[in-house]
2 protein chains.
Amino acid sequence: MFNFAPRNAKMNQSAEEKIKHAALRVFIQKGSANCTSREIAREAGMNVALVNYYFRSKSKLFALIFESVMQDFLKSMVQVFSSDLPIREKIRILIEREFEFLGQHPEIPNFVLNELARNPEAIDGFIPVLNMVNESGVFDEARKLQERGDMRQMDIVQITLLIMSNCQYPFMAQPLMKVIHGVSNETYKEHLTAHKTHAVNMVLGYLFPNDQL
Amino acid sequence: MFNFAPRNAKMNQSAEEKIKHAALRVFIQKGSANCTSREIAREAGMNVALVNYYFRSKSKLFALIFESVMQDFLKSMVQVFSSDLPIREKIRILIEREFEFLGQHPEIPNFVLNELARNPEAIDGFIPVLNMVNESGVFDEARKLQERGDMRQMDIVQITLLIMSNCQYPFMAQPLMKVIHGVSNETYKEHLTAHKTHAVNMVLGYLFPNDQL
DNA sequence: ACAAATATTAAACACTTGTTTAAAACAGAT
DNA sequence: ATCTGTTTTAAACAAGTGTTTAATATTTGT
């Protein structure tokens with residue numbers, strides 16, 4: 001996950017790699033605008049000038065990082081739907097993988113949605129990933145299933161929304177929920193694993209209303 | 001909505017008011033960290049120094065704005081649950097109001113969740129609103145209903161998540177969905193109104209599995 | 001070992017940041 | 001008109017911003 005390939009391979013980790021990893025951490029935690037080049041350099045244990053030596057500018061570095069995050073963000077969705085499992089299994093596995101991924105990277109949905117909403121340039125570093133999704137045929141297949149009457153009739157956009165809402169929001173809302181309900185980190189994590197089951201059952205139950213319980 | 005009371009009432013709108021409204025717009029659009037005092041002043045058509053003359057500091061101004069946004073953000077939830085409608089109606093009306101509110105303020109969920117995740121000080125300006133929620137007895141009542149076996153047994157935290165996920169995420173994800181599915185602003189708005197019905201039916205169907213269709 | 005290429009550094013650049021200051025414009029009361 | 005307190009402004013402040021430069025260290029090929 002987030003495994004940048006080394007270009008000038010040294011024994012351990014090249015400076016370029018260190019900066020990329022530091023940038024990933026800092027950008028995700030603070031956002032593209034609310035962090036400094038010096039902060040990234042410090043996190044990587046290097047000089048500020050090196051950041052621009054390897055990546056030309058802060059915005060170029062950000063575009064690089066953002067694209068790789070988007071890759072991971074959408075990868076599992078594409079992978080699962082490109083498989084040849086029956087549709088119900090696809091959705092179940094998709095949701096379960098999403099919960100697993102977000103359990104390890106809970107800040108990513110907020111990072112992505114926030115950048116897309118507030119930093120229009122972020123969309124540039126996003127176009128390549130866009131093709132990945134389209135070329136996967138994910139949506140075409142869902143449409144086919146609907147034509148066979150196998151699934152509740154609703155627009156693909158809204159099916160996407162249904163799934164992603166119930167996967168991503170619980171992780172995005174963690175700080176809000178913790179303070180509203182006054183729960184600790186640990187108990188919220190337990191709520192999240194329990195919520196996975198609810199998400200699967202509710203979404204499947206709604207998309208396939210004719211299934212027996 | 002977001003109606004700041006004037007303190008030194010002039011004929012039109014006092015400078016203090018103008019700054020508050022400008023700050024509201026700028027903070028919500030850019031976030032607390034990614035905007036400048038001068039930007040707020042310019043948006044209000046006033047001098048930079050006036051911002052600090054009335055509000056002491058940028059962070060004090062932000063705390064003020066953030067608290068008022070949180071008020072509106074949670075108000076409808078508290079209002080609906082404080083009423084004496086049957087539980088199903090409460091949830092239905094809550095979701096519908098939420099969609100209506102977010103239709104007019106679609107940037108607010110992203111604003112709130114992002115600040116809570118990245119700006120720890122934001123929580124300070126949040127505590128008063130917290131009491132509002134607790135004192136409303138919202139959660140106590142939900143628990144009572146569950147004890148009567150009226151509702152699917154699941155933790156209040158997860159019921160909250162279920163409802164808020166399906167209301168807020170569709171608005172937060174608008175930029176992502178637009179670029180993934182290549183739809184325009186107008187068609188996405190249509191998707192949102194259609195999604196309201198799905199959210200109501202899905203959530204009610206899952207929380208009350210014994211209801212007839 | 002030496003020279004060329006690459007990597008790294010400290011320092012500087014011009015610019016923006018939040019905040020303060022001191023002076024000016026304005027209001028209302030006498 | 002004069003005084004009084006309030007509101008508004010332009011200018012300045014130190015600190016921090018992204019980026020560049022020119023010098024130094026390190027690696028690489030011979």
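To find a chain, count down the sequence lines: A is the first, B the second, and so on, and within it residues start at 1. Below, all heavy atoms of this structure are taken into account, side chains as well, without hydrogens, waters or symmetry copies.
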* Please give, in whole Å, the distance from C:dT9 C1' to A:M46 CE? -> 11 Å
* To do: Would you indicate, yes or no, if C:dT8 has its OP1 or OP2 atom less than 4.0 angstrom from a side-chain nitrogen or oxygen of A:Y54?
  => yes
* Rounding to a whole Å, what distance do you find between B:N52:CG and D:dA11:P? -> 19 Å
* To do: Would you mind reading off the distance between B:L61 atom CG and C:dT19 atom P, rounded to a whole angstrom?
  => 10 Å
* Structure fact -> Residues in residues 27-45 of chain A with a heavy atom under 4.0 Å of DNA chain C, by number, are A:R38
* To do: Would you indicate which nucleotide in D:dT6, C:dT19, C:dT20 comes nearest to any side-chain atom of B:S57?
  => C:dT19
* Asked: When the distance from OH of A:Y53 to P of C:dA7 is rounded to whole Å, what number comes out?
  -> 4 Å
* **Parallel, tilted or perpendicular, as decided by the 30° and 60° cut-offs, for the rings of B:H198 and A:Y206** => perpendicular
* Structure fact -> Rounded to the nearest 0.5 angstrom, the CG-CD distance for B:L50 and B:E16 is 10.5 Å
* Asked: Rounded to whole angstrom units, what separation is found between the CG atom of B:L50 and the C1' atom of D:dA10?
  -> 12 Å
* Residue that, paired with A:F171, satisfies ring pair (Phe, Tyr, Trp, His ring centres under 6.0 Å) out of A:F99, A:F111, A:F101 -> A:F99
* **Nucleotide nearest B:V48 when distance is taken to its side chain, options D:dT9, C:dT8, C:dT19** => C:dT19
* Determine the contact category for B:V51: base if any of its heavy atoms lies under 4.0 Å from a base atom, sugar-phosphate if only primed atoms, P, OP1 or OP2 are that close, otherwise nothing. => nothing
* Structure fact -> Checking D:dT21, D:dT9, D:dG18 against the side chain of A:K58 (C-beta onward), the nearest is D:dG18
* To do: Take the protein atom NZ of B:K60 and the nucleotide atom C1' of C:dT19, then report the distance between them rounded to whole Å.
  => 12 Å
* Measure from CZ on A:F55 to C1' on D:dT19 and round the result to the nearest Å. => 16 Å
* **Charged N-O contact under 4.0 Å between B:R92 and B:E89** => yes
* For the pair B:F62 and B:F55, evaluate ring-ring contact (aromatic ring centres under 6.0 Å, His included) and give the outcome as yes or no after the intermediate values. => CA-CA 9 Å; B:F62 175 77; B:F55 303 98; over 10 Å; no
* Listed partners of A:F126 passing ring-ring contact (aromatic ring centres under 6.0 Å, His included), at least two apart -> none
* Between A:Y169 and B:Q168: side-chain donor-acceptor atoms closer than 3.5 Å -> yes
* Asked: What nucleotide, of D:dT7, C:dA7, D:dA10, holds the atom closest to the side chain of B:N47?
  -> D:dA10
* Check every strand shown and say whether B:S59 touches a base, only sugar-phosphate, or nothing at a heavy-atom separation below 4.0 Å. => nothing
